[in-house]
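One-based numbering, in listed order, for ligands and for the atoms of each. Not measured: the values here are computed from a predicted model.
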Amino acid sequence: MNTMTDRDTHRVIPLMDVRPHGLAVPAAAFSSGTRLLTGGLLADTRGRSLRDLRISVTDRCNFRCNYCMPKEIFGTDYPYLKHADLLSFEEVTRLARVFVAHGVQKIRLTGGEPLLRKNLEQLIEQLSKLRTPDGQPLDLTLTTNGSLLARKARALKDAGLQRVTVSLDGLDDAVFRSMNDVDFPVADVLEGIAAARAAGLGPIKINMVVKRGTNEQEILPMARYFKGSGLVLRFIEYMDVGATNGWRMNEVMPSAEVIQLIQSELPLVPLEPSSPGETASRWGYADAQGRHDPAAGEIGVISSVTQAFCGECNRARLSTEGQLYLCLFASKGYDLRSLVRGQASDADLASAIGHIWQSRNDNYSEQRSHLPFDSGTPVKRVEMSYIGG
Ligand code: SAM
Ligand code: SF4
Ligand code: SF4
């Protein structure tokens, strides 16, 4: 839905609206001869279109997963964003509407822990009303650690959320409690998953980050537990996101090894990707004839470290305070909040977002694949809890 007027498309707003510490929105976005409207084919410098928007609704979390928000850094005195700095639900929805007019079909709410954001259902209700230019509803989903799901699943569904992805790094209670580092029991997450199922928030995906030396012994128990459940378990390679998790390559268990391990007990067959730009490679459980058995279901592996998938990356990320990041590994974002809180019209926002996307050339994972195998994190990056996974 596009509410832009003629007046909007000709107004010029000063570049000073862009915050100095964010990246500058390309000047062409605001000059009358080079303004970009929605409705055209928007592609970045590598020919990738904009399809997927991840919105972080809070930088706070009630877990302290050591690969994401280690306690030593994210202690009680950590300077989280103040409420006034967060985009309001109306601001998020306004930006989302412009992204959707540019081709976004899928929105994922994330964080930090998105269910900690007060009244999140109100945002979901607003986003669920958006329609793509050809009148289709969005694929609206959310990634959560599951801790508050038992309480909130029904309200989320009623507000218009379609499905959820729940993070779960193991079934062994001691392993799980030590990975979330706040002694949170695995049983409560399983209860949350059951509540999401009962509320009809499906298909549900389960994300397990595999860290070598920490939870690789949980791979097979997790595969056995979720096989045939209708839930899709996905194994994620431990990534060098942010600058605080002390990432080393030798703690990454390559997806190829995960598949090999599962195959040793539960035969698998490769499946076709279900959509372009999909991050996970899909594998189906095989029947006695070696064909995919749909009743047994499938798993996925997300090989962000060992197999770069930048070539089809169609994802943009909107941080909690309204900065637009073009890559999970970017060190800076474009300050859309100052445009939204300034005098920018929807058409100004559309032109800014269009120009930013057109200038995108990020391919961090491809670049990293050329670095020495045992190197640490090579550049300063923003934390995943801030821009969302
Ligand atoms: N708190 C929510 C959760 O944990 O699902 C949403 C935000 S979290 C940043 C999103 C996803 O990123 C989770 O599935 C989490 O496991 C994953 N993640 C965080 N740090 C990671 C890392 N260093 N490597 C791989 N995945 C990571
Ligand atoms: Fe919190 Fe999710 Fe990060 Fe764990 S992965 S610390 S649950 S934001
Ligand atoms: Fe996309 Fe950046 Fe990840 Fe490549 S490294 S797949 S560009 S988010």
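The shortest N or O to N or O distance between Tyr238 and ligand 1 is not under 3.5 Å. The distance criterion of under 3.5 Å between nitrogen or oxygen atoms is met by Ser167 with respect to ligand 1.
For atom 4 (Fe) of ligand 3, the closest heavy atom belonging to the protein is Cys310 SG, 2.3 Å. Looking only at heavy atoms of the protein, atom 1 (Fe) of ligand 3 is closest to Cys313 SG, 2.4 Å. The closest protein non-hydrogen atom to atom 2 (Fe) of ligand 3 is Cys327 SG, 2.3 Å. In this structure, the protein non-hydrogen atom closest to atom 7 (S) of ligand 3 is Asp362 O, 3.6 Å. For atom 8 (S) of ligand 3, the closest non-hydrogen atom on the protein side is Leu328 N, 3.3 Å.
The atoms of ligand 1 that sit less than 4.0 Å from any heavy atom of Gly111 are 7 (C), 9 (C). For ligand 3, the atoms lying closer than 4.0 Å to a non-hydrogen atom of Arg315 are 1 (Fe), 6 (S). Short contacts between ligand 1 and Thr110, defined as distances under 4.0 Å to a heavy atom of the residue, involve ligand atoms 6 (C), 7 (C). Of all the atoms in ligand 1, the ones that sit under 4.0 Å from a non-hydrogen atom of Glu113 are 1 (N), 2 (C). Of all atoms in ligand 3, listed by their number and element, those nearer than 4.0 Å to a heavy atom of Phe329 are 5 (S). Listed by atom number, the atoms of ligand 1 under 4.0 Å from Asn145 heavy atoms are 2 (C), 3 (C), 5 (O). Within ligand 1, the atoms closer than 4.0 Å to a non-hydrogen atom of Gly112 are 1 (N), 2 (C), 6 (C), 7 (C), numbered from 1 in the order shown. With ligand atoms numbered from 1 in the order given, ligand 1 contributes 25 (C), 26 (N) to contacts under 4.0 Å with heavy atoms of Ile236. Distances below 4.0 Å separate heavy atoms of Tyr364 from the following atoms of ligand 3: 5 (S). Close approach of ligand 3 to Ser365 (heavy-atom distance below 4.0 Å) involves ligand atoms 5 (S).
For Arg151, the CZ atom is loosely surrounded, since the number of other residues' heavy atoms within 6.0 Å does not exceed 12.
Within a radius of less than 2.8 Å around atom 1 (Fe) of ligand 2, the protein N, O or S atoms are Cys61 SG.
At a heavy-atom cutoff of 4.0 Å, ligand 1 is contacted by the side chain of Asn207 but not by its backbone. At a heavy-atom distance under 4.0 Å, no atom of Asp240 approaches ligand 1.
Ionic pairing of Arg212 and Glu251 is not present here: no N-O contact between side-chain nitrogen and carboxylate oxygen is shorter than 4.0 angstrom. Salt-bridge formation is detected for the pair Arg94/Asp346: a Lys NZ or Arg NE/NH1/NH2 atom is positioned less than 4.0 Å from an Asp or Glu carboxylate oxygen. Classification of Asp44 and Arg360 as a salt-bridged pair holds, one side-chain N sitting under 4.0 Å from a carboxylate O. Ionic pairing of Asp293 and Arg291 is not present here: no N-O contact between side-chain nitrogen and carboxylate oxygen is shorter than 4.0 angstrom.
Thr58 and Glu113 are not linked by any side-chain donor-acceptor pair at a separation below 3.5 angstrom, with hydrogens and angles left out of the test. For the residue pair Asn62 / Asn145, a side-chain donor-acceptor distance below 3.5 Å is found, with atom types taken as modelled. Defined by atom type and a distance below 3.5 Å, a donor-acceptor pair is present between the side-chain atoms of Asp348 and Ser345. For Arg51 and Ser275, the side-chain atoms include no donor-acceptor pair closer than 3.5 Å. Side-chain N/O atoms of Tyr364 and Asp240 include a donor and acceptor closer than 3.5 Å. Between the side chains of Glu237 and Ser255, a donor-acceptor pair is found at a separation under 3.5 Å. In this structure, a donor-acceptor pair under 3.5 Å is present between the side chains of Asn207 and Arg234.
Not a single heavy atom of Met208 sits less than 4.0 Å from an atom of ligand 1.
Two residues are said to be in side-chain contact when any heavy atoms from C-beta on lie closer than 4.5 Å; Gln260 and Ser264 fail this criterion. In this structure, the side chains of Asp158 and Arg154 come closer than 4.5 Å at one or more pairs of heavy atoms.
Among Val232, Val166, Val164, Leu233, the one residue that satisfies the side chain to side chain contact (heavy atoms under 4.5 Å, CB included) test with Lys205 is Val232.
The shortest heavy-atom contact between Pro114 and Thr110 is CB-O, 3.7 Å.
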